[in-house]
Amino acid sequence: MAIVVDLDVQLARRRMSVGEFAEAVGITPANIAVLKNGRAKAVRFTTLDAICRTLGCQPGDVLRWVPDDDADGEADGG
């Protein structure tokens, strides 16, 4: 998937545990793990709002886009 979730970076900067973060955001630690591991198919805006409010950050501090495996220089497949 081309969307990367950088929650670990933000949590480390704030010295916040996953449990504290999950409680503050209002979702389960298991759902935090789904987000962190890139297995989430969607994120509700209300959840993203709670994440940003809790971390004091912007959505772009938590989510970033990276291109799929086109980094090898073969944009047209060969």
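Every heavy atom of this structure was used, including side-chain atoms; hydrogens, water molecules and symmetry mates were not.
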Extract all donor-acceptor atom pairs below 3.5 Å that involve side chains of residues 7-14 and protein atoms in other chains or at least two apart in sequence.
{"from": "D8", "atom 1": "OD1", "to": "K36", "atom 2": "NZ", "distance (Å)": "3.0"}
{"from": "Q10", "atom 1": "OE1", "to": "R14", "atom 2": "NH1", "distance (Å)": "2.6"}
{"from": "Q10", "atom 1": "OE1", "to": "R14", "atom 2": "NH2", "distance (Å)": "3.4"}
{"from": "Q10", "atom 1": "NE2", "to": "D61", "atom 2": "O", "distance (Å)": "3.1"}
{"from": "R14", "atom 1": "NE", "to": "L55", "atom 2": "O", "distance (Å)": "2.4"}
{"from": "R14", "atom 1": "NH1", "to": "Q10", "atom 2": "O", "distance (Å)": "3.2"}
{"from": "R14", "atom 1": "NH2", "to": "L55", "atom 2": "O", "distance (Å)": "2.7"}

- Query: Is a side-chain donor or acceptor of T47 paired with a backbone partner of V43 at a separation under 3.5 angstrom?
  - Reply: no
- Task: Report, as yes or no, whether the 6.0 Å neighbourhood of atom CZ on R39 holds more than 12 heavy atoms from other residues, nucleotides or ligands.
- Result: yes
- Query: At their closest point, which heavy atom of P59 faces which heavy atom of C52, and how far apart are they?
  - Reply: N-SG, 3.5 Å
- Task: Keeping to residues at least two apart or across chains, list the salt bridge (charged side-chain N to carboxylate O under 4.0 Å, His left out) pairs with something in residues 47-57.
- Result: D49-R53
- Item | Which residues share a side chain to side chain donor-acceptor pair (under 3.5 Å) with S17, sequence neighbours left out | E20
- Quick one: does L63's side chain get under 4.5 Å of V5's, heavy atoms only? yes
- Can you find a pair of side-chain heavy atoms, one from L35 and one from I51, that are under 4.5 Å apart? yes
Review item, side-chain donor-acceptor pairs of residues 21-34, under 3.5 Å, at least two apart:
{"from": "T28", "atom 1": "OG1", "to": "N31", "atom 2": "N", "distance (Å)": "3.0"}
{"from": "T28", "atom 1": "OG1", "to": "N31", "atom 2": "ND2", "distance (Å)": "3.4"}

